[in-house]
There are 2 protein chains.
Amino acid sequence: MLDDKDRILIGALRRNARESLVGLARSVGLSRSATQERMRRLERDGIIKAYTVELASEQDPAVRAMIAVTFDPGFRCRHVVPHLSGIPEVVACHSLTGSIDLMVIVACESNASLDRIRDAISAVPGVATATTHVILGTPLARG
Amino acid sequence: MLDDKDRILIGALRRNARESLVGLARSVGLSRSATQERMRRLERDGIIKAYTVELASEQDPAVRAMIAVTFDPGFRCRHVVPHLSGIPEVVACHSLTGSIDLMVIVACESNASLDRIRDAISAVPGVATATTHVILGTPLARG
DNA sequence: GCCGCAGACCGGCATTTAGCCGGCCGGGCC
DNA sequence: GGCCCGGCCGGCTAAATGCCGGTCTGCGGC
């Protein structure tokens with residue numbers, strides 16, 4: 001359905017949807033008319049839904065962090081998550097493969113409250129380690 | 001800061017960011033060059049952050065993953081993120097404190113495409129390591 | 001008053017881009 | 001082989017853009 005050139009084209013459009021066809025064609029490595037045809041196909045097939053503008057948003061009043069949690073032997077998500085759901089600042093928990101068992105997303109008002117939350121998570125039965133990574137910024141977000 | 005004509009212009013761009021200046025000028029009720037100047041002002045003042053494309057294939061990704069990235073010495077988010085924004089499956093990038101420099105959130109159709117994306121991220125200049133954690137589930141999500 | 005200045009706007013010109021279309025090429029098929 | 005079809009290229013003309021000079025208006029200082 002989508003080949004490499006489609007992906008390059010979509011990537012270029014994501015970066016700047018107002019780029020001219022000539023510029024897009026240079027990125028893709030095809031002639032202008034071939035690029036134009038691909039774009040029309042992507043629009044016709046509904047892959048491309050719309051071209052829109054991204055505005056400066058003004059809401060991130062909080063400290064956010066990702067806390068990488070590992071479990072003690074024998075413990076599972078279903079043992080730990082119920083305790084975490086009691087902490088209001090916990091926004092999400094993702095069960096992961098690899099060296100991290102659970103990624104806990106936290107949003108709170110201050111570093112002091114982040115400290116308390118980290119303590120609370122560490123104290124949950126079954127939590128072996130809780131490594132805190134403050135989110136300094138989100139230079140790319142979509143969806 | 002924003003007058004009615006700015007709002008009309010932004011509204012028209014939201015509907016179709018690839019609309020020509022001539023068409024936009026018709027919507028706004030100004031000459032083409034005045035419209036062009038307003039657009040440039042909105043871009044310069046940071047009101048308009050980017051022009052981007054909205055895709056259809058973003059609602060039910062089969063595979064989600066967090067890819068923990070570290071940078072080579074001397075590299076920063078601003079060097080790396082622009083490359084990542086060209087990968088359509090990249091949903092978000094979070095700049096972190098701690099042993100992880102950047103957390104890249106990915107949503108794609110299959111493990112095979114996840115493999116390709118991981119390769120693409122690894123190949124970005126400045127990326128030292130890219131550790132993939134597949135998201136097995138999200139037992140808690142709110143807000 | 002009135003002068004100069006700055007911002008927003010208009011219109012014209014040269015250049016660039018887009019829309020359209022005929023033609024080329026390679027792969028699949030009979 | 002001969003045929004068709006999809007993907008691509010390049011040329012032509014019309015449309016859009018970049019650029020810039022010029023007009024108008026509001027504003028502050030003299």
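Considering only residues two or more places apart in sequence or on other chains, B:Arg64 meets the salt bridge (Lys or Arg N to Asp or Glu O under 4.0 Å) condition with none of them.
B:Ser95 contributes no side-chain N or O that, together with a main-chain N or O of A:Gly137, makes up a donor-acceptor pair within less than 3.5 Å.
A salt bridge is absent between B:Asp119 and B:Arg116; no separation between the charged side-chain nitrogens and carboxylate oxygens falls under 4.0 Å.
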Base versus backbone protein contacts along nucleotides 15-22 of chain C [heavy-atom cut-off under 4.0 Å; B, S, -]: --SBBB--
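With a 4.5 Å cut-off on side-chain heavy atoms, B:Leu55 and A:Arg14 count as touching. Annotation: side chain of A:Val124 is not in contact with side chain of A:Val69 (no heavy-atom distance under 4.5 Å). Inter-residue side-chain proximity for B:Glu89 and B:Leu114 is flagged as unmet; no heavy-atom pair is nearer than 4.5 Å. Residues A:Leu2 and A:Leu42 are in side-chain contact: their nearest non-hydrogen atoms beyond the backbone lie under 4.5 Å apart. Side-chain atoms of A:Val81 and A:Leu102, non-hydrogen and from C-beta on, do get closer than 4.5 Å to each other.
If you take NZ of A:Lys5 and P of D:dG7, they are 12 Å apart, rounded to a whole angstrom. Atom CG of A:Asp6 and atom C1' of D:dC8 are 14 Å apart (whole Å). With rounding to whole Å, A:Asp3 atom CG is found 11 Å from D:dG7 atom C1'. Separating the CG atom of B:Leu24 from the C1' atom of C:dC9 is a distance of 17 Å, rounded to the nearest angstrom. In this structure, the CE atom of A:Met39 is 17 Å from the P atom of D:dG7, given to the nearest Å. The CZ-P distance, from A:Arg44 to D:dG6, rounds to 10 Å in whole Å.
Taking side-chain N and O atoms only, A:Arg38 has a distance below 4.0 Å to OP1 or OP2 of D:dC8.
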Given the rule that a pair is Watson-Crick or G-U wobble with both distances under 3.5 Å, how would you write DNA chain D in dot-bracket, using | for pairs to a different strand? ||||||||||||||||||||||||||||||
